[in-house]
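Following: one structure in structure tokens, then a few remarks.
Model, not experiment: these values are computed from the prediction. Every chain is numbered from 1 and lettered A, B, ... according to where its sequence line falls, protein lines coming before strand lines.
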Amino acid sequence: MVRVPPALTKLRPAHVEAAASSPLRSERTAALLGMALGVSFLTCFLTGLMSHLAQNPLQVGFLSMPARPAGLYRVTQGVHVATGIASIPLLIAKLWTVFPKLFTWPPVRNVAHALERLSLIPLVAGSIFLLYTGLANLAHWYPWQFSFTVAHFWTGWIVIGALVVHIGAKLVITRSVLGSKAKAKARADGASVVLRARGASGGGLDRRGFLAAVGVAVAAVTLTTVGQTVRPLRKLALFAPRRPDIGPQGLPVNKSAVGARVVAAAESGEYRLTVRGRVSRPLSLTREQLLAMPQHSADLAIVCVEGWSAGAVWSGVRVRDLIALAGGDPDNSTAEVRSLQRRSVYRTSQLNEPHVRDGDTLLALAINGEPLHLDHGYPCRLVAPNRPGVHQTKWVTHLEVT
Amino acid sequence: MKPSESDAPSGPAFWICAAFGLGIVAFGVGGLLTNLEGPALMSWLKVFAGGLIAHDALFAPLVVLGSVLLARVVPASVRTPVQGALIVSCALIAVAIPVVGGFGRLANNLSLLPSDHYGLRLAGALAVVWATAAVIAIARLRRLRRAAAAGGRPA
């Protein structure tokens with residue numbers, strides 16, 4: 001028989017697990033944090049799906065976004081980003097509570113156990129991926145070579161799938177540690193822990209204190225970022241990459257005219273807005289001719305996928321009036337809006353029937369009574385209710401009615 | 001946390017969830033494979049695996065090491081507020097990294113990252129957290145001292 005030196009036996013995973021153990025790392029703490037994360041991830045997933053549908057308005061049939069309520073996307077996208085940010089401390093805490101389990105010995109007990117442990121790879125790696133890429137995207141930081149929206153969307157499916165496996169694996173234990181009997185026991189344990197702690201002059205956070213600290217962390221990151229969309233909290237938005245009142249004409253900009261390389265074309269006397277497609281009298285109008293048409297005002301917010309939003313009063317020409325003027329049918333048409341931009345994924349955007357029909361869907365010429373700033377889309381931009389900002393196309397030069 | 005029998009899942013509910021969940025995972029992987037090509041896919045894999053490695057091999061062991069140090073260095077009487085402040089600080093730092101780094105800053109768009117002082121803001125927020133922890137710690141010490149004095153007095 002080979003004798004193992006005592007020092008070496010201490011390197012066994014069980015010892016690592018013991019070294020990292022803490023009374024705070026109970027099944028109950030893990031289950032409570034898991035429930036919170038389950039709710040936040042499901043919220044992110046559903047609002048994310050909604051955003052995906054909003055970005056592809058002509059390719060999703062009956063799921064296409066309605067034009068009303070006007071502020072729907074503002075709420076769902078605000079919730080998506082705020083919930084994602086709130087998940088960061090929750091995920092760090094959850095991974096901390098279960099970290100020693102990584103060294104469980106034996107590593108695999110049976111097929112079910114192996115499957116459950118393997119599913120943790122897409123779950124944990126995917127969760128970190130989603131929160132990291134989402135947070136970086138808010139600040140326009142792209143240290144990677146893939147399309148953010150594509151990768152974030154499909155990885156979301158991977159994480160939700162792995163989460164379903166995980167929930168299936170943890171159903172029994174969650175019920176046993178969060179059930180009414182367990183609750184009573186935890187309360188009794190908690191009381192004795194507090195008593196012991198007071199007697200021994202405090203040995204650090206107890207379970208409740210730990211959860212409270214995580215709660216404070218969630219509140220802290222939320223309060224210091226959510227002001228990017230909740231205007232009254234804007235002064236607290238210390239770590240938000242935007243403030244709803246800072247930008248040209250008091251409104252933030254996602255892509256500037258210089259960044260989009262449209263300055264010369266936008267300021268040129270050659271500028272025309274053309275309306276073609278399924279119309280009987282194609283139009284070609286100067287900005288002055290647009291200003292001579294009946295003007296309509298709408299109080300609408302620009303809502304960025306990045307979680308900021310800012311409202312303004314826009315005025316300009318109704319898209320439905322333009323289609324009617326060109327001899328089209330504004331009640332049964334869709335349209336493609338094209339920008340002066342040469343190269344951009346967001347050079348064009350689609351208007352579905354509800355959006356074409358809506359009286360607040362404008363080709364705006366002014367913002368809060370002033371002519372549009374170049375960065376806001378001068379000579380004219382699309383503004384419509386319940387629509388992601390990247391589809392509120394700026395520097396519009398063509399409307400193709402379909 | 002002791003490994004228990006419940007670590008190995010079982011029962012029809014688990015297998016139904018596993019089948020359904022793995023189906024969704026496969027759908028997501030399929031979507032990535034059809035929508036990302038070559039270098040983009042490699043880049044995805046790097047970030048995906050990189051996050052996991054950064055957490056499991058770097059961050060988590062550092063936290064374990066930190067906790068051991070904390071237990072040795074910080075007196076038990078004030079350990080609670082120190083741990084609480086560390087947790088909140090970690091969360092704030094994680095969320096502030098992209099804006100403090102200012103990696104996405106653009107010269108042609110001043111409304112993006114409109115402040116020049118994100119680092120100062122982070123320092124300020126951390127100062128508030130630690131000042132609160134200090135107030136709580138002082139209150140605890142006073143209470144303990146008073147309790148000890150009351151206990152030491154002859155009846």
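Considering only heavy-atom pairs separated by less than 4.5 Å from chain A, the leading option among B/Ala49, B/Ala107, B/Gly31, B/Ala91 is B/Gly31. Among the candidates A/Val253, A/Val258, A/Ile128, A/Val150, the residue making the largest number of heavy-atom pairs closer than 4.5 Å to chain B is A/Val253. Of the listed residues A/Pro89, A/Pro252, A/Ala93, the one with more heavy-atom pairs under 4.5 angstrom with chain B than any other is A/Pro252. Chosen from A/Leu238, A/Thr225, A/Val159, the residue pairing most often with chain B at heavy-atom distances under 4.5 Å is A/Leu238. Chain B forms more heavy-atom pairs under 4.5 Å with one residue of A/Leu95, A/Ile88, A/Asn110, A/Ile160 than with any other, namely A/Leu95. Taking chain A as the reference chain and counting heavy-atom pairs below 4.5 Å, the highest number among B/Leu36, B/Ile53, B/Val74 is found for B/Leu36. For the set A/Phe129, A/Phe153, A/Trp141, the entry with the most heavy-atom pairs within less than 4.5 Å of chain B is A/Trp141. The residue among A/Gly259, A/Pro241, A/Gly247 with the most heavy atom pairs within less than 4.5 Å of chain B is A/Pro241. Between chain A and the residues B/Gly104, B/Gly50, B/Pro81, the largest count of heavy-atom pairs under 4.5 Å involves B/Gly104. In terms of heavy-atom pairs under 4.5 Å with chain A, the best-connected choice from B/Asp56, B/Leu110, B/Leu106, B/Ile16 is B/Asp56. Most heavy-atom pairs under 4.5 Å with chain A, from the set B/Gly23, B/Ala54, B/Ala96, B/Pro98: that is B/Pro98.
Rounded to the nearest 0.5 Å, atoms CH2 (A/Trp308) and CG (B/Leu112) are 10.0 Å apart. Taking OG1 from A/Thr133 and CH2 from B/Trp44, the interatomic distance works out to 11.0 Å, rounded to the nearest 0.5 Å. In this structure, OG in B/Ser111 is found 8.0 Å from CG in A/Asn254, a value given to the nearest 0.5 Å. Within the model, atoms OG of B/Ser43 and CH2 of A/Trp144 stand 8.5 Å from one another, a figure rounded to the nearest 0.5 Å. Summarising the geometry, atom CD belonging to A/Gln145 is positioned 6.5 Å from atom NZ belonging to B/Lys46; distances are rounded to the nearest 0.5 Å. Remark: B/Leu113 CG to A/Arg243 CZ distance equals 14.0 Å, nearest 0.5 Å.
Inter-residue side-chain proximity for A/Arg242 and B/Pro114 is flagged as unmet; no heavy-atom pair is nearer than 4.5 Å. Proximity of B/Val63 to A/Trp96: side-chain heavy atoms (C-beta onward) are separated by under 4.5 Å at one or more points. Residues A/Ile92 and B/Phe59 are in side-chain contact: their nearest non-hydrogen atoms beyond the backbone lie under 4.5 Å apart. Side-chain contact between A/His113 and B/Pro9: present, with at least one pair of heavy atoms (C-beta onward) separated by less than 4.5 Å. When side chains are defined from C-beta on, A/Trp157 does not count as touching B/Leu32, because their heavy atoms never get closer than 4.5 Å.
Heavy atoms closer than 4.5 Å to chain B are found in both the backbone and the side chain of A/Leu135. Of the atoms belonging to A/Ile158, heavy atoms from both backbone and side chain fall under 4.5 Å from chain B. Residue A/Val172 does not touch chain B at all, counting heavy-atom pairs closer than 4.5 Å. Of the atoms belonging to A/Ala237, it is backbone heavy atoms, and not side-chain ones, that fall under 4.5 Å from chain B. Within the 4.5 angstrom heavy-atom criterion, atoms from both the backbone and the side chain of A/Ile246 approach chain B. Interface remark: A/Ser127 contributes no atoms to any contact with chain B (heavy atom separation under 4.5 Å). Contact of A/Leu115 with chain B is made through the side chain alone, with heavy-atom distances under 4.5 Å. In this structure, chain B has heavy atoms under 4.5 Å from both the backbone and the side chain of A/Leu205. Contact annotation for A/Ala240: only backbone heavy atoms (N, CA, C, O) come within less than 4.5 Å of a heavy atom of chain B.
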Go through the steps to decide whether B/Leu33 and A/Trp154 satisfy the test side chain to side chain contact (heavy atoms under 4.5 Å, CB included), and finish with yes or no.
CA-CA 10 Å; B/Leu33 291 177; A/Trp154 290 109; over 6 Å; no
Let's go through A/Ser256 and B/Asn109 carefully: what are the C-alpha distance in whole Å and the side-chain angles of both, what is the deciding distance for side-chain hydrogen bond (donor to acceptor under 3.5 Å, both in side chains) to 0.1 Å, and is it a yes or a no?
CA-CA 6 Å; A/Ser256 67; B/Asn109 186 357; 5.7 Å; no
Show the numbers, then the answer: is there a side chain to side chain contact (heavy atoms under 4.5 Å, CB included) between B/Cys17 and A/Val165?
CA-CA 5 Å; B/Cys17 284; A/Val165 181; 5.9 Å; no
Hey, mind stepping through B/Val47 and A/Tyr132 against side chain to side chain contact (heavy atoms under 4.5 Å, CB included) and telling me if it holds?
CA-CA 9 Å; B/Val47 178; A/Tyr132 164 59; 3.8 Å; yes
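Ring geometry for B/His55 against A/Phe99 counts as perpendicular: the plane angle is over 60°, on a 0 to 90° scale with 30° as the lower cut.
Scanning both residues, B/Val88 and A/Ala220, for their nearest heavy atoms gives CG1-CB, 4.1 Å. Among all heavy-atom pairs drawn from B/Val25 and A/Ala162, the shortest one is CG2-N, 3.3 Å. What you find for A/Leu171 and B/Ala13 is that their closest heavy atoms are CD1-CB, 4.1 Å.
Atom NZ of A/Lys255 has 12 or fewer heavy atoms from other residues, nucleotides or ligands within 6.0 Å. Atom OH of A/Tyr142 is surrounded by more than 12 heavy atoms from other residues, nucleotides or ligands within 6.0 Å.
Interface with chain A: from residues 120-129 of chain B, residues B/Arg121, B/Leu122, B/Ala125 qualify, criterion being any non-hydrogen pair under 4.5 Å.
Listed by chain and number, the residues in a ring-ring contact (aromatic ring centres under 6.0 Å, His included) with A/Phe239 amount to none (sequence neighbours excluded).
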